[in-house]
2 protein chains.
Amino acid sequence: MEREKKPAAAQGLELLRTKGYKITPQRRAVLEALDGGEQFPTAQQVLEIVRKQQPDVSLDTVYRNLTLMVGLGIVHEIYRSAGNAYEMVEPGHHHHHLVCTACGKTECIDICPMNKIYEKEAEKRGFLVTGHVFEFYGLCWSCRSKLAKK
Amino acid sequence: MEREKKPAAAQGLELLRTKGYKITPQRRAVLEALDGGEQFPTAQQVLEIVRKQQPDVSLDTVYRNLTLMVGLGIVHEIYRSAGNAYEMVEPGHHHHHLVCTACGKTECIDICPMNKIYEKEAEKRGFLVTGHVFEFYGLCWSCRSKLAKK
DNA sequence: TTCTTAAATAGTAATTTTACTATATGCTTT
DNA sequence: AAAGCATATAGTAAAATTACTATTTAAGAA
């Protein structure tokens, strides 16, 4: 049964094409893995999903394309001590994350502090802002409970 | 000639002691390396500085202590594609950074968007915020010029 | 000071991420 | 449809980061 293509992956492909990047089966697969699969996969998990369809894809290719897509704003990268996570950027749903430093649990928070003032401040210094990272680190409910019991 | 101890490093040691962590020569050296040496050193660079005084210190020890200090808010970690950078947190000078994705150049920007509203929003979800990351990524003046010339 | 003990370390291994190179392939032009 | 070419890939190597274990050591108690 053919899986329906989600809009975010399609828009990602369109942007790649517009920017002059080639549309390869590997790139399609990476985008589809992010779109269809589980939330916040690591690079390894993306590779595993991709290999179900294309067994010969290399880890290097996954990393190279994730990095490219992060740079283009198609994909969001979440820094975590035990393996970074990736997430498809849903157009019109810009947001950030709560990351538990104990168990790695990651969830969205619909907040963003970015504004023109900040960008102008950077521009004054000759800096062209192409992206930003804003994440909360701390303890999720489950880990707070466990630590309190000690 | 005895080097004068800087206040930030001293406060870091004090916090470690308060929290029950042991004061080891390695921890002193890591703090002094961050305080005295060059700006935004990588873990490798911290190790090199530390080894000038204590040649047998292991890389593991440097990483372990940097991570500990980041968790305690003594040290700030800056995520960069080619090697993360570290910075002593100067009490009373909370700030964030501009990071050039082309050359890695890093500079401070005296801005922070964190506020009570955000923390309360996280608390509603059972999440205890212990830290946050807010960084700008883009191109510095020098790299913008080089890319324009192509 | 000496003793005790939990925490920290050095050394090493494992994992994650990035870099390199020869080959293959998507895209444009013919 | 075929050719040319710059880009992308697989495979591998290198570098950065995290984890593991036996030994050492800082800090409090006797």
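So that the names make sense, note that chain A is the first sequence line, chain B the second, and so on, each numbered from 1. Everything numeric in this text was worked out from a predicted model, so none of it was measured.
Side-chain nitrogen and oxygen atoms of A:T24 include at least one within less than 4.0 Å of the OP1 or OP2 phosphate oxygen of D:dT9. Taking side-chain N and O atoms only, A:S58 has no distance below 4.0 Å to OP1 or OP2 of D:dT9. For the OP1/OP2 pair of C:dT17 and a distance below 4.0 Å, the side-chain nitrogens and oxygens of A:Y63 include at least one atom meeting the criterion.
Looking only at atom types and distance, the side chain of A:E135 has a donor-acceptor partner in the side chain of A:H97 under 3.5 Å away.
Residue-to-nucleotide proximity on DNA chain D shows that, of B:T67 and B:K22, the 5′-proximal contact is made by B:T67. Residue order along DNA chain D, read from the 5' end via each residue's closest nucleotide, puts A:L68 first among B:R17 and A:L68.
Salt-bridge annotation for A:E107 and A:K105: present, with a side-chain N of the basic residue lying under 4.0 Å from a carboxylate O of the acidic one. A salt bridge is defined here as a Lys NZ or Arg NE, NH1 or NH2 lying under 4.0 Å from an Asp or Glu carboxylate O, and B:E123 with B:K120 fails to meet this definition. Note on B:E14 versus B:R17: salt bridge recorded, some NZ/NE/NH1/NH2 to OD/OE distance being below 4.0 Å.
Rounded to an integer number of Å, the gap from CD of B:Q54 to P of C:dA8 is 16 Å. Put simply, CG on A:L59 is 14 Å from C1' on D:dA15, counting in whole angstrom units. Computed from coordinates, the B:L66 CG to D:dA16 P distance equals 14 Å when rounded to whole Å. Taking atom CG of B:D56 as the reference point, atom P of C:dA8 lies 20 Å away to the nearest angstrom. The interatomic distance linking A:Q26 (CD) with C:dA24 (P) rounds to 14 Å, in whole Å. At whole-Å resolution of the value, OH in A:Y21 and C1' in C:dT25 are 18 Å apart. Look at CZ on B:R28: it is 14 Å from C1' on D:dT25, rounded to the nearest Å.
Using a 4.0 Å heavy-atom distance criterion, B:R64 is classed as a base contact. Using a 4.0 Å heavy-atom cutoff across all strands shown, B:D60 reaches at least one base atom of the nucleic acid. Using a 4.0 Å heavy-atom cutoff across all strands shown, A:T42 reaches no nucleic acid atom at all. Using a 4.0 Å heavy-atom criterion, one finds that B:P55 contacts no nucleic acid atom at all. Using a 4.0 Å heavy-atom cutoff across all strands shown, A:I23 reaches sugar-phosphate atoms only and no base atom.
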Point to revise | A:E121 vs A:K124, salt bridge (Lys or Arg N to Asp or Glu O under 4.0 Å): CA-CA, chis, key distance, verdict | key: CA-CA 5 Å; A:E121 183 63 30; A:K124 278 186 202 165; 3.4 Å; yes
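Here the side chain of B:Q44 is nearest to one of C:dA10, D:dA16, D:dA8, namely D:dA16. Listed nucleotides D:dG11, D:dT17, C:dT17 differ in distance to B:N84; the shortest reach to its side chain belongs to D:dT17.
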